[in-house]
Amino acid sequence: MTEQQVRVRFAPSPTGPLHIGGVRTALYNYLFARKHGGKMILRIEDTDSNRFVPGAEDYIVEAFQWLGVEFDEGVHMGGEYGPYRQSERREIYKKYVDQLLEAGKAYIAFDTPEELAAKREEIKNFQYDAQTRGMMRNSLTLSKEEVDQLIADGNKYVVRFLIEPGRDVKVNDLIRGEVVINSSILDDKVLYKSADQLPTYHLANIVDDHLMKISHVIRGEEWLPSAPLHVLLYEAFGWADIAPAFAHLPLLLKPEGNGKLSKRDGDRLGFPVFPLQWTDPKTGDISSGYRESGYLPEAVVNFLALLGWNPGTDEELMSMARLIELFDLDRCNKSGAKFDYEKGRWFNHEYILHMDDALIAPTFIELMAEEGVEVTTEQALTVIGLMKSRANFIKELVPACRFFFVAPTEYDKKTAKKRWKADSPALMAELAELLENMADFSPENQETEVKAWIEAKEYHLGNIMNAWRLSLVGEGKGPHMFDISAFLGKEETLRRMRQAIDVLPRKEA
RNA sequence: GGCCCAUUCGUCUAUCGGUUAGGACGCCAGGUUUUCAUCCUGGAAAGAGGAGUUCGACUCUCCUAUGGGCUACCA
């Protein structure tokens, strides 16, 4: 057997923003493809015309661009197996549906949605299958003339897959091993709807995967129950021996409580479940996105990769290249993973820590400008270097760094109470005088001279530094004091110190 | 209800018959620091329950329980 080229696809339905679980599925497909030198395809499954949402397709493309998940073929870039939008492949599906019809492996059914609903009311656990198809209105129970007439009269119909009962259908799953389901529990799935002349997911999926030469179908666990149906379809078309391999990924679950992670959870728990912000075109509702929330795409990718897979070592911080190097379907978990949002924050923190300050600077400058604070690139670089170990998100740097550019207008009460002592005004005045006469205001020289002064006078270091910090920052936080004063410059440093002496309350000794 | 999948610290997970059950997030304590953060050290914290198989089971089998998914002319 020759090793066939790895070709995988991510095939979302354009019904809204891309769910984070879908992002992970796409990511695993991508890692797998790159790992094996294969191709990654983006196919749009828009066979349900009723659920089409404008903008969703562009959103999907943009989301993957942001994340760094690249495609080799797809709806947005073409390729030799197109078109990649299922609504543009009507004729193709029709041909295959007819093939099944002619072979007697599918049949035409006229039962209306209303009639089916009535049947479900009438018979509990009603299923359109070998048991019941004999009592329905279809090409198995009606004569050919009747069928032709009904169609000629313009009656809507569907094509159903004829499933033979009593067969054990085996699905070989790369993650779960062999899963066996008896065909008797499967229903005669609708493959095609005459109403919009489109197939349903199942038919389109099998036909496209075959035509696009997909080698591995890596998708969410929610598809596992219909995998036997897909196996049967491959058989019906005579493609059983060239069918793709399956791998069903565990689901992403709610962080607390039960169930699959949903759009609502994000709103409720205060974290995004979508890669990019999304505005519902109908309701105008806005759902937050990882990008807009300040996440770095690398952090999101790293975080997501580890939800359901691990390299088998303690390595946790991995670039896309490293993930590709290490990824293996054999190391994917079988059980669903609760979405650990806290860990996502930690990943972002780590990526900010390791990120080049020059890459953070433009975003920082922009965010500061929005707050009405003009910052030069040089200033930004200094401040980011000093402050980024305190931030989980770049935007957290904005309030944290404000004091570098804007003098405090009020002082943190708790800190003032603790750090501004009876002798503080006098000490600050003395320190101000020392600084004023200092020729070299570099942080190094300041440190040398100030510490020498403290030592000579036998002052308490913490006493001086904490009061000084309160004067310049307004609270008890921030980097090394001399870095702050040096950044501020002598003039501003002295101004803030005098202001603190004026404004902060005097205490009895 | 039926069918399928799953089940190790609160969470993400390692372990592929023999381990003091390891790591990470979060949490707590201590250290470093003029403060906060970073960083370092330490701590609490787990094999759902019950039967087997075996000299030996977290690991294999079965049952139960629990969780999850599917059960559309949606994907």
Side-chain angles (χ1 to χ4, degrees), chain A residues 11-15 22 45-48 50-51 86 109 111-113 116-117 120 124-125 127-128 156-160 171 173 175-176 179-182 184-187 189-196 198-202 204-205 219-228 248 250-251 253-256 258-260 303 306-317 331 333-347 349 353 386-391 400 415 418-419 450-451 454 460-470 473 475-482:
Chain A
S13 210
T15 54
E45 308 221 326
D46 55 347
T47 53
D48 184 359
N50 299 318
R51 296 212 306 160
Q86 290 186 329
D111 318 273
T112 64
L116 290 169
R120 290 188 185 102
K124 71 168 191 222
N125 295 335
Q127 182 169 276
Y128 210 118
K156 300 274 193 290
Y157 65 91
V158 298
V159 174
R160 285 182 181 271
V171 179
D173 189 282
I175 294 172
R176 285 152 215 283
V179 178
V180 183
I181 295 180
N182 194 281
S184 296
I185 64 125
L186 265 24
D187 65 337
K189 272 275 175 295
V190 170
L191 300 179
Y192 184 83
K193 309 152 279 174
S194 73
D196 53 10
L198 278 168
T200 59
Y201 168 82
H202 303 287
N205 190 261
R219 66 206 335 182
E221 192 185 348
E222 71 267 29
W223 292 108
L224 192 53
S226 52
H248 290 94
L251 266 16
L253 274 19
K254 296 177 192 294
E256 38 108 78
N258 314 317
K260 196 158 69 151
F303 170 49
L306 254 8
L307 245 32
W309 170 86
N310 73 83
T313 64
D314 290 343
E315 193 171 344
E316 285 207 285
L317 264 13
R331 293 209 62 88
N333 294 129
K334 296 183 180 75
S335 53
K338 284 190 179 175
F339 195 76
D340 185 4
Y341 181 61
E342 280 301 324
K343 194 145 186 179
R345 294 169 61 90
W346 175 75
F347 272 108
H349 179 245
L353 238 43
L386 255 23
M387 296 294 286
K388 72 175 179 177
S389 71
R390 292 157 182 79
T415 311
K418 191 175 174 190
R419 306 296 193 190
V450 170
K451 281 190 170 169
I454 289 172
H460 184 259
L461 180 71
N463 198 16
I464 303 281
M465 301 308 270
N466 287 316
W468 193 23
R469 179 178 299 280
L470 180 66
V473 179
E475 52 186 330
K477 297 177 181 173
H480 204 56
M481 271 316 294
F482 302 103

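Each chain gets a letter, A, B and so on, in the order its sequence line appears, and its residues count up from 1.
- Using P as the reference atom, B:A48 and B:U8 are 6 Å apart when rounded to the nearest Å.
- Nearest-nucleotide positions on RNA chain B place A:Val179 closer to the 5' end than the other of A:Pro479 and A:Val179.
- The side chain of A:Asp340 lies closest to B:C25, out of B:C25, B:C36, B:U34.
- Side-chain atoms of A:Ile181 lie closest to B:C4 of the nucleotides B:A14, B:C4, B:C25.
- Not a single donor-acceptor pair, N or O on each side, falls under 3.5 Å between the base of B:C5 and the side chain of A:Arg176.
- In this structure, B:G10 and B:C25 make a Watson-Crick or G-U wobble pair, each of the two defining distances being under 3.5 angstrom.
- Rounded to a whole angstrom, the distance from the P atom of B:C70 to that of B:C25 is 33 Å.
- Nucleotide B:U54 is matched to nothing when pairs are restricted to Watson-Crick or G-U wobble geometry with both distances under 3.5 angstrom.
- Atoms CG (A:Leu470) and P (B:U35) sit 15 Å apart, rounded to a whole Å.
- The two atoms that bring A:Leu198 and A:Thr47 nearest to each other are CD1-O, 3.6 Å, heavy atoms only.
- Closest to the side chain of A:Leu461, out of B:U13, B:U34, B:C36, is B:U34.
- Look at the P atom in both B:A14 and B:G22: the space between them is 15 Å, to the nearest Å.
- Rounded to whole Å, the separation between the P atoms of B:C62 and B:C5 comes to 11 Å.
- We find that NZ of A:Lys338 is positioned 8 Å from C1' of B:G67, with the value rounded to whole Å.
- Atom pair A:Arg469:CZ and B:U34:P shows a separation of 10 Å (rounding to whole Å applied).
- Under the 6.0 Å cut-off for aromatic ring centres, A:Tyr341 and A:Trp346 do not qualify, their centroids lying 6.0 Å or more apart.
- One interatomic measurement links the two molecules: CG of A:Asn182 to P of B:C4, which rounds to 9 Å at whole-angstrom precision.
- The nearest whole Å value for the distance from the CD atom in A:Glu221 to the P atom in B:G67 is 16 Å.
- Between A:His248 and A:Arg176, the side chains place no donor N or O within less than 3.5 Å of an acceptor N or O (distance only, hydrogens not considered).
- For A:Lys343 against B:A24, a side-chain-to-base donor-acceptor contact under 3.5 Å is present.
- Comparing atom distances between the A:Leu251 side chain and each of B:U35, B:C12, B:G69 picks out B:G69 as nearest.
- Relative to the side chain of A:Glu342, the nucleotides B:C36, B:G26, B:G69 differ in distance, and B:G26 lies closest.
- B:U54 sits 28 Å from B:A65 when the P atoms are compared, rounded to a whole Å.
- Taking the six-membered ring where the residue is Trp, A:Phe347 and A:Phe303 present tilted rings, their angle falling between 30° and 60°.
- Nucleotide B:U59 forms no Watson-Crick or G-U wobble pair with any nucleotide shown, as no partner meets the under 3.5 Å limit on both distances.
- With no hydrogens or angles considered, no side-chain donor-acceptor pair links A:Asp111 and A:Tyr157 at under 3.5 Å.
- In this structure, A:Lys343 does not pair ionically with A:Asp340, as no charged nitrogen and carboxylate oxygen lie closer than 4.0 Å.
- Among the protein residues, A:Asp314 comes within range of the sugar-phosphate backbone only, with heavy atoms under 4.0 Å from sugar or phosphate atoms but none that close to a base.
- Summarising the geometry, the separation between CZ on A:Arg345 and P on B:C25 is reported as 15 Å, rounded to the nearest angstrom.
- Side-chain polar atoms of A:Asn333 and A:Ser335 form no donor-acceptor pair below 3.5 angstrom.
- Atom NE2 of A:His349 and atom P of B:C39 are 7 Å apart (whole Å).
- Separation of the C1' atoms belonging to B:U13 and B:C73 is 43 Å when rounded to the nearest angstrom.
- The base-pairing partner of B:A46, taking Watson-Crick or G-U wobble contacts with both distances under 3.5 Å, does not exist among the strands shown.
- Other residues, nucleotides and ligands contribute only 12 or fewer heavy atoms inside 6.0 Å of the NZ atom of A:Lys477.
- Here, B:A24 and B:C60 have their C1' atoms 30 Å apart, quoted to the whole Å.
- Within 4.0 Å of A:Arg219, counting heavy atoms only, lies no atom of the nucleic acid at all.
- Pairing for B:U34 is absent, judged as Watson-Crick or G-U wobble with the two contacts each under 3.5 Å.
- Regarding A:Lys334, its NZ atom lies at a distance of 14 Å from the C1' atom of B:U8, rounded to whole Å.
- Across all strands shown, B:U20 forms no Watson-Crick or G-U wobble pair with both distances under 3.5 Å.
- In terms of polar N and O atoms assigned as donor or acceptor, the side chain of A:Ser389 comes within less than 3.5 Å of the base of B:A37 in a complementary pairing.
- Rounded to whole Å, the separation between the P atoms of B:G50 and B:C40 comes to 41 Å.
- Residue contacts for A:Gly308: at a heavy-atom cut-off of 4.0 Å it reaches the sugar-phosphate backbone alone, with no base atom in range.
- Each of A:Ile175 and A:Phe339 has a nearest nucleotide on RNA chain B; the 5'-most of these lies closest to A:Ile175.
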Does the protein touch nucleotides 70-75 of chain B at the base, only the backbone, or not at all? Give it as B, S and - per nucleotide, heavy atoms under 4.0 Å. S--BBB
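- Contact record, A:Asp46 with A:Pro14: CB-CG, 3.7 Å, taken as the closest heavy-atom pair.
- Of the side-chain N and O atoms in A:Asn310, one or more sit less than 4.0 angstrom from OP1 or OP2 of B:A14.
- Across A:Pro311 and A:Leu306, no two heavy atoms sit closer than the pair CD-CD1, 4.1 Å.
- Looking at A:Arg469, its side chain does come within 3.5 Å of a backbone N or O of A:Pro479 through a donor-acceptor pair.
- Nucleic acid contact for A:Asn466: sugar-phosphate only, since backbone atoms but no base atoms lie under 4.0 Å from a heavy atom of the residue.
- Set against B:G26, B:C4, B:C12, the side chain of A:Leu307 has B:C12 as its closest nucleotide.
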